[in-house]
Amino acid sequence: MGCSLSTLEDVDQNRRIPKNVGELAVFVPGLRIPKPVNFSQSLGDNLSKSLIERLSGLRTRVVVLASQEAQTAVKPKRKAATQHGGSMLSDLQQSLEDYLPVLLGLVKEGSKLQNSVKFVWVNQEDDTEETAISNAWYEVLSVLHLMAMVSFSQANLSLLPKTSSDGYQQTDESKRNSVDVFLKGAGYLDFALNHVLPQLPAELRKDLPVDLAEGVLQALCQQALGQSVDIQLGMAIDCTKATLAVKQRLACEMVKYWHQVFIMHYSKQLTASREFAHDNIVKLPLTSGWGEKHQLYVKWKYDEAQAAAYYYHGLILDEGNTEKSHLMDVSSLRAAEEFHKEKKKECEAFHTTPPISKNPPIWGTMKYLSEKIAKDASSKGQINQDLYSHERVIETAPVLPDLSVALKPDEYQLPPNDPLWN
């Protein structure tokens, strides 16, 4: 299933940081890739030959497939063909699911082998820095993180519009599937945060790479939920039976999720902002390469969510049919227009920041709102816009309603230990 295409000897020399990643519907940070481990040397005196061979074989397969998947990122032609890319991702996900039950034997209750093996992982973004930790819970955490990133990559492929005689199209099935995949990925991260990370000693948690920091895992989990709601909003827009209130609720939910991601990436800029004051803001380090690109992606998606939320909030206010509600309606629509302008700038900056990427043909929520926001903001009335800066427009906009957030990550549980451990 791919192992014949690469060997462990050429895994390291094949891996390089991509300069162009082609079309992106979903941004996925650089993959963390495991490096080979000699289980015989570490566990030879404590485990049977068959168990060691099974551990080695399954992990070797993960190493090879993860390295091959990282290589597809340097091939910008639609992820080296969507069908092939999807097959490779499915193989990698399956290999991780096969490896995990065997790995869990090292951390089972009473095991003395938890700290026997030094597990080494390196990020695709930075192949000069690797993290080696002698704790099997670190390996479990890394596997769950990679499973989540593979899920995000699968969602990206699912959302890239397919070519047809009518141009680029997406099916409702692919959209629904991508929501399921996002929630599944969020489930891996949520479990890692609440059940795996606490297993690591406090001093060891300080040595974790930034990819596995608590704040990063939280941000990625919220990002998955935000993108799930974005897809649901797009489907609601396409549904004639979806009410304005439903669309407003989804748009406001989307803002809440992206707000949580945003404050984790932009805490330094927000410390003086009363709107975003937060007692436990996590400052995520900005690394070279894809770190900056990820921040731009978050800013783009956050402003895109606010544009949608203010647009539907303005339409709801307009139903009040009073002078006050009309003025608030105009303010909301103008705020939506300003956020939409900013999001277009951020989108362009994101795609031109290395590794270079490009938008697929416009789809989903923004395909509808990109036309409606400017049109409705103009038709509802102008209030001497020359006197207002972007900041002034946002400051005078009405507060978005505090609507409850209903979406949750899928519930995930670790599989039982492989029977070989019995």
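Between the side chain of Tyr310 and the backbone N or O of Phe339 there is no donor-acceptor pair closer than 3.5 Å. Asn194 contributes a side-chain N or O that, together with a main-chain N or O of Asp190, makes up a donor-acceptor pair within less than 3.5 Å. Between the Ser370 side chain and the Met366 main chain, a donor and an acceptor come within less than 3.5 Å of each other. Here the side chain of Thr60 pairs no donor or acceptor atom with the backbone of Gly57 at under 3.5 angstrom. The closest donor-acceptor contact from the side chain of Ser158 to the backbone of Ser174 lies under 3.5 Å.
Under the 3.5 Å distance criterion, with hydrogens and angles disregarded, a donor-acceptor pair is assigned to the side chains of Asp303 and Gln306. His351 and Asn359 share a donor-acceptor pair across their side chains, judged by distance under 3.5 Å alone. A side-chain N or O of Gln93 and one of Ser151 form a donor-acceptor pair less than 3.5 Å apart. Side-chain contact, Ser357 with Lys293: a donor N or O sits under 3.5 Å from an acceptor N or O.
Put simply, the residue from Lys301, His294, Gln260 that forms a side chain to side chain donor-acceptor pair (under 3.5 Å) with Gln223 is His294. Test Leu31, Val216, Leu220 against His145 for side-chain contact (heavy atoms from CB on, under 4.5 Å) and you get one pass: Leu220.
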Check against side chain to side chain contact (heavy atoms under 4.5 Å, CB included), Lys108 and Leu104: CA-CA 6 Å; Lys108 67 180 181 179; Leu104 289 175; over 6 Å; no
Working for side chain to side chain contact (heavy atoms under 4.5 Å, CB included), residues Val62 and Leu58: CA-CA 7 Å; Val62 171; Leu58 290 172; 5.9 Å; no
Check against salt bridge (Lys or Arg N to Asp or Glu O under 4.0 Å), Arg249 and Glu253: CA-CA 6 Å; Arg249 179 181 63 80; Glu253 284 185 11; 2.5 Å; yes
Residues Lys341, Glu338; criterion salt bridge (Lys or Arg N to Asp or Glu O under 4.0 Å); working and verdict: CA-CA 5 Å; Lys341 290 177 181 177; Glu338 287 297 315; 3.8 Å; yes
Asp238 vs Lys175, salt bridge (Lys or Arg N to Asp or Glu O under 4.0 Å): CA-CA, chis, key distance, verdict: CA-CA 12 Å; Asp238 292 337; Lys175 294 173 185 176; 3.5 Å; yes
Derivation and outcome, side chain to side chain contact (heavy atoms under 4.5 Å, CB included), residues Phe182 and Val26: CA-CA 10 Å; Phe182 273 130; Val26 179; 3.6 Å; yes
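Going from atom CG of Asp211 over to atom CG of Asn123 covers 4.5 Å, rounded to the nearest 0.5 Å. Atom CG of Leu183 and atom OG of Ser228 lie 4.0 Å apart (nearest 0.5 Å). If you take CZ on Phe262 and NE2 on His259, they are separated by 8.0 Å, rounding to the nearest 0.5 Å. In this structure, OG on Ser178 lies 11.5 Å from CD on Gln154, to the nearest 0.5 angstrom. How far CZ of Phe39 is from CZ of Arg54: 12.5 Å, rounded to the nearest 0.5 Å. Here OG1 of Thr365 is found 4.0 Å from CG of Asp230. Values are rounded to the nearest 0.5 Å.
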Output side-chain donor-acceptor pairs under 3.5 Å for residues 134-144, partner residues at least two apart or in another chain, one line each.
| unit_1 | atom_1 | unit_2 | atom_2 | d |
| --- | --- | --- | --- | --- |
| Asn135 | OD1 | Trp137 | N | 2.8 |
| Asn135 | ND2 | Asn115 | OD1 | 3.3 |
| Tyr138 | OH | Arg32 | NH2 | 2.9 |
| Tyr138 | OH | Thr131 | O | 3.2 |
| Glu139 | OE1 | Arg59 | NH2 | 3.4 |
| Glu139 | OE1 | Trp121 | NE1 | 2.7 |
| Glu139 | OE2 | Arg59 | NE | 2.6 |
| Glu139 | OE2 | Arg59 | NH2 | 3.4 |
| Glu139 | OE2 | Tyr99 | OH | 2.6 |
| Ser142 | OG | Arg32 | NH1 | 3.0 |
| Ser142 | OG | Tyr138 | O | 2.9 |

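Closest approach of Leu100 and Pro415 over heavy atoms only: CD2-CD, 3.9 Å. Closest of all the heavy-atom pairs between Pro409 and Leu225 is N-CD2, 3.9 Å. Closest approach of Val255 and Ala309 over heavy atoms only: CG2-CB, 3.5 Å. Residues Ala242 and Ala236 share a closest heavy-atom pair of CB-O, 3.3 Å.
Counted within 6.0 Å of CD on Glu348, heavy atoms from surrounding residues, nucleotides or ligands total 12 or fewer; the atom is thus considered open. The 12-atom threshold is not exceeded at NZ of Lys408, counting heavy atoms of other residues, nucleotides or ligands nearer than 6.0 Å.
With a 4.5 Å cut-off on side-chain heavy atoms, Val229 and Val179 do not count as touching. Side-chain contact between Leu159 and Asn156 is absent, with no heavy atoms from C-beta onward closer than 4.5 Å. The shortest side-chain heavy-atom distance between Val298 and Phe27 does not fall under the 4.5 Å cut-off. Counting only heavy atoms from C-beta outward, the side chains of Glu69 and Leu65 never approach each other to under 4.5 Å.
Judged as a side-chain contact (heavy atoms from CB on, under 4.5 Å), and not counting sequence neighbours, the contacts of Arg205 are Leu197, Leu200, Leu208, Glu214.
In summary, Arg61 and Asp98 do not engage in a salt bridge, as defined by a charged side-chain N under 4.0 Å from a carboxylate O.
Using cut-offs of 30° and 60° for the angle between ring planes, the Phe350 and Trp300 rings count as tilted.
A cation-pi arrangement is not found for Lys184 relative to Tyr412, the charged atom failing to lie both closer than 6.0 Å to the ring centre and inside a 45° cone about the ring normal.
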